[in-house]
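Everything on this sheet refers to the single structure shown next.
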Amino acid sequence: MEATAQGTATAHGTATALGASVERREGREKVTGTARYAAEQPRPGRAHAWPVPASIARGRVTGVDTAAALALPGVLAVLTHENAPRLSDPDDPTLAVLRDSRVPHRGWFVALVVGETLEAARAGAAAVHVDYAVEDHDVTLTATHPDAYAPEEANGGYPGTREHGDPEGAFSTAPVRIDADYRVPPLHNHPMEPHATTAEWHDGRLTVHTSTQGATTVRTVLAGLFDLPEDRVTVHAEHVGGGFGSKGTPRPDVVLAAVAARHTGRPVTLALPRRYLPSVVGHRAPTLHRLRLGAHPDGRLSALIHEVTTHTSRIKEFVEQAAVPARVMYAAPDSRTAHRVAPLDVPSPSWMRAPGEAPGMYALESAMDELAVELGMDPVELRIVNEPATEPDSGKPFSSRHLVECLREGARRFRWSERAPRPRSRTEGPLLVGAGVAAAMYPVLVQPSTAVARALPDGTFLVRINATDIGTGARTVLAQVAADALGVPVIRVRTEVGSSDLPAASLAGGSSGTASWGWAVHEACTRLAERLAEGPLPPEGIDVRADTAGRADADSPFARYAFGAHFAEVAVDTVTGETRVRRLLGVYAAGHILNARTARSQFVGGMTMGLGMALTEGSTMDAAFGDFTESDLAAYHVPTHADVPDIEAHWIDEDDPHLNPMGSKGIGEIGIVGTAAAIGNAVFHATGVRLRELPLTPDRVLSGLRERGGS
């Protein structure tokens, strides 16, 4: 079928907007620099703010000397817990900044300097002197930490522990056993656009432009903090330069900018310096995994035990749900999946792309590869042998599950059959070349949203919804959904997103955005089409509103997930220890793909992020100072173009009637899930060395090669 800008030609000769490879509507604005981000809002009299982070890991502030800062030219104010405006208590304790003298972790903001210019604010912040009463701190996570406990729930509302049958007994009697530990370090989101806010007050009304994944949530939080009706707060997020989960909840920048604006009576912009981000906008918590797999000689699992230990801060519990994927993936009659969490004097962890699934599937899929080696079995076939008929944990039927098809199609495209099973079978001078595979999964999440569709006298249509386009192409895809429901070309549909003045919508997170917003848009446009069929359009046009509350979030009798398979080829240099990924290939089953162009971009972006997780990204908590030592992009290494080969992303079109009117599943996160394991498994196949701690840096690879006996 031929794709066009209007839609995709079907076998019946009609046109459908869904599935077409449509360019992003805001693309020209972004590449020409006319797209305005949160810190780029032109406001007369705008001031700038710069925060002062705590330099201790735990304790309290005993004094703040602001005299030197206030004496500098251009410094307007210094806010501390002693003079900052009083706000209501937030539900999220990470937003309780400048409220009291406590310091729960290093990097906690203890003052804010406001200046006429960014330079004045920064100089003022450097001149603020803070005295502390220092307390002993603990920032080191261990699998046997004495304060670790079993939480009732992990992130996402999942039970902390699930057990079926007698997993310990089944494991102890299994003919083939794998018992391995894996470690994923702290990871950081680092979006291209830092967390930033421009705030101003006028006649008791607060308006903010902020970099967020959910303007509706930000409005609710600000209204509560400042004791305002929600209709007195407007939050704009027209363009957002990435978030990867860190902007899924309001962060201190939006609160501090609003406080500074009220204190000074001027518009204030606060863009957090990148080095401050790891301490105040969340991070992927480190996870320590123990995987035990028991199997029969034919590869069928008899026992699966996945135990995870992670950390949280002392002010807010967040438990990375890394054991949850093992409840979904494979048929094992006896299983236990459990989390333990240790509260430490660390910054509060939070969401990072595919929280839980990314580190959890790294460990599970690495263990499955180890089991395949132990069995002398093809790792693709091992996964297929353990394909469950229903979801192992709940017993629910899957709404659709085409993991086997993804594995088969990926193996065909990757030419997996040409891979020699034995490790270290392929050499190219000092290079060892290998190939690996891993599966991927991500849950289908849908949240309530509201949309308004308007038919205009000129024959065009306007769709309004407070969706947030964080770079995924939401404007474009929603226009396609609307055009499909209305039966018109995409060019006749305009979309307005990114403002709390629009109909309320869920945040852009959990790969739920398009499914949630699209449901509301589809329903509004379907009703509008029915109204238009009843009679002529009045001169003022017609508005139709749709609210999916009560349906989009209803519990489903089906287990709903997207699945995928990742294949990787690597070359490992035995002299330098460097690992180069030569090929990455992913095949996904994610319902109907609504826009081929933006979908491929999302899949490839996720796979690239997974490559970073495997090879370059990692953070270290300094035990003495309680600080992340890799706090900027000079030390925290994300992949660049030179690190990323030509990546292939393919998909299997699924007809799943149990999702939403579009039949779509989320695609923003499944690309990262499984990629790190596929690369790690490929490194083992290349070298014969099993490395169980990420990232697979040259020093770790060389150490593994030396322990094995050299090159």
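Quick note: numbers below take in every heavy atom, side chains included, and nothing from hydrogens, waters or symmetry partners. This is a predicted model, so every value here is computed, not measured.
Remark: side-chain polar atoms of D138 are paired, donor with acceptor, to backbone N or O of T140 under 3.5 angstrom. Proximity of a side-chain donor or acceptor of T312 to a complementary backbone N or O of F318 within less than 3.5 Å is detected. The backbone N or O of L507 sits nowhere less than 3.5 Å from a side-chain atom of Q213 that would complete a donor-acceptor pair. When atom types are taken as modelled, the side chain of N386 and the backbone of R383 share no donor-acceptor pair closer than 3.5 angstrom. Between the side chain of D573 and the main chain of V575, a donor-acceptor pair closer than 3.5 Å is present. Distance alone, capped at 3.5 Å, is enough to place a donor-acceptor pair between the T574 side chain and the P430 backbone. Under the 3.5 Å distance criterion, the side-chain polar atoms of R284 are matched with a main-chain donor or acceptor of M352. Side chain of T427 to main chain of G429: no donor-acceptor pair is present (N/O by atom type, distance under 3.5 Å, no hydrogens or angles). Judged by distance alone, the side chain of Y182 and the main-chain N or O of A367 form a donor-acceptor pair under 3.5 Å. R177 contributes a side-chain N or O that, together with a main-chain N or O of S172, makes up a donor-acceptor pair within less than 3.5 Å.
Just one of P104, S348, P343 meets the side-chain contact (heavy atoms from CB on, under 4.5 Å) condition when paired with S313; it is S348. D393 pairs with exactly one of R336, R162, R327 by the salt bridge (Lys or Arg N to Asp or Glu O under 4.0 Å) rule, that one being R162.
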Apply side chain to side chain contact (heavy atoms under 4.5 Å, CB included) to residues L611 and L584 and explain how you reach the verdict.
CA-CA 9 Å; L611 184 150; L584 276 182; 3.9 Å; yes

Show your working on side-chain hydrogen bond (donor to acceptor under 3.5 Å, both in side chains) between N595 and R600 and close with a plain yes or no.
CA-CA 8 Å; N595 183 319; R600 179 170 281 105; over 6 Å; no

side-chain hydrogen bond (donor to acceptor under 3.5 Å, both in side chains) assessment of T309 paired with R340:
CA-CA 5 Å; T309 303; R340 288 176 61 78; 5.0 Å; no

Before you tell me yes or no, could you show the steps for R582 and E428 under salt bridge (charged side-chain N to carboxylate O under 4.0 Å, His left out), namely the whole-Å CA-CA distance, both residues' side-chain angles and the distance that decides it to 0.1 Å?
CA-CA 13 Å; R582 290 182 169 181; E428 297 176 6; 2.7 Å; yes

Applying side-chain hydrogen bond (donor to acceptor under 3.5 Å, both in side chains) to S511 and K665, what does each step give before you reach the verdict?
CA-CA 8 Å; S511 296; K665 298 179 180 179; over 6 Å; no

Before giving the answer on side chain to side chain contact (heavy atoms under 4.5 Å, CB included), spell out for F567 and V380 the whole-Å C-alpha distance, their side-chain angles and the decisive distance to 0.1 Å.
CA-CA 10 Å; F567 293 80; V380 170; 4.1 Å; yes

Please report the C-alpha distance between L633 and V638 in whole Å, then the side-chain angles of each, then the deciding distance to 0.1 Å, and finally whether the side chain to side chain contact (heavy atoms under 4.5 Å, CB included) criterion is met.
CA-CA 7 Å; L633 295 180; V638 299; 4.2 Å; yes

In sequence, state the C-alpha distance, the side-chain angles, and the governing distance for H685 and D369, and then conclude on side-chain hydrogen bond (donor to acceptor under 3.5 Å, both in side chains).
CA-CA 10 Å; H685 182 245; D369 197 70; over 6 Å; no

In sequence, state the C-alpha distance, the side-chain angles, and the governing distance for M329 and L364, and then conclude on side chain to side chain contact (heavy atoms under 4.5 Å, CB included).
CA-CA 9 Å; M329 287 305 298; L364 177 61; 3.9 Å; yes

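The structure places CG of N189 at 4.0 Å from OG of S246, a figure rounded to the nearest 0.5 Å. The distance from the OG1 atom of T608 to the CD1 atom of I647 is 3.5 Å, given to the nearest 0.5 Å.
The two residues M377 and G299 come nearest to each other via the heavy atoms SD-CA, 3.9 Å. Scanning all heavy atoms of the two residues, the minimum distance from G294 to F171 falls at N-CD1, 3.9 Å. Closest non-hydrogen pair, G586 versus M607, comes out as N-CE, 3.5 Å. Between M192 and R274, the shortest heavy-atom distance links the atoms O-NH2, 3.0 Å. Closest heavy-atom contact between V581 and I679: CG2-CD1, 4.0 Å. For the residue pair V673 and H566, the shortest heavy atom distance occurs at O-CE1, 2.9 Å.
No donor-acceptor contact under 3.5 angstrom links the side chains of Q321 and H339, judged on distance only. With 3.5 Å as the limit, one finds a donor-acceptor pair spanning the side chains of W416 and D378. With hydrogens and angles left out, the side-chain atoms of R251 and S350 include a donor and acceptor closer than 3.5 Å. With no hydrogens or angles considered, no side-chain donor-acceptor pair links H195 and S211 at under 3.5 Å. Between the side chains of H402 and S400, no donor-acceptor pair is found at a separation under 3.5 Å. If you check the side chains of H164 and S335, you find no donor sitting under 3.5 Å from an acceptor.
Between Y561 and Y442, the ring center distance fails the sub-6.0 Å criterion. H188 has its ring centre less than 6.0 Å from the ring centre of F628. The ring of H637 has its center no closer than 6.0 angstrom to the ring center of H190.
Considering only heavy atoms from C-beta on, E320 stays 4.5 Å or farther from P349 through its side chain. At a threshold of 4.5 Å between non-hydrogen side-chain atoms, the residues S417 and R412 do not count as touching. Using a 4.5 Å cut-off on side-chain heavy atoms (C-beta onward), E569 and R426 make contact. Between D643 and R580, the closest side-chain pair of non-hydrogen atoms falls below 4.5 Å. In this structure, the side chains of E630 and S619 come closer than 4.5 Å at one or more pairs of heavy atoms. Residues V319 and N155 are not in side-chain contact: their nearest non-hydrogen atoms beyond the backbone lie 4.5 Å or more apart. Side-chain contact between P347 and V280 is absent, with no heavy atoms from C-beta onward closer than 4.5 Å. In this structure, the side chains of L585 and H650 come closer than 4.5 Å at one or more pairs of heavy atoms.
Other residues, nucleotides and ligands contribute over 12 non-hydrogen atoms within 6.0 Å of the CZ atom of R583. Residue E163 places its CD atom among more than 12 non-hydrogen atoms of other residues, nucleotides or ligands, all under 6.0 Å distant. The 12-atom threshold is exceeded at CG of D699, counting heavy atoms of other residues, nucleotides or ligands nearer than 6.0 Å. For F625, the CZ atom is loosely surrounded, since the number of other residues' heavy atoms within 6.0 Å does not exceed 12.
Ring pair H289/H306 is tilted by interplanar angle, where 30° to 60° counts as tilted.
The pair E391-R401 fails the salt-bridge criterion, with no side-chain N (NZ, NE, NH1 or NH2) lying under 4.0 Å from an Asp/Glu carboxylate O. Using a 4.0 Å cut-off between charged nitrogen and carboxylate oxygen, R106 and D622 do not count as a salt-bridge pair. Between R314 and D345, at least one side-chain N (NZ, or NE/NH1/NH2) sits under 4.0 Å from a carboxylate O, which counts as a salt bridge.
For S279, the side-chain hydrogen bond (donor to acceptor under 3.5 Å, both in side chains) test picks out no residue, with sequence neighbours left out.
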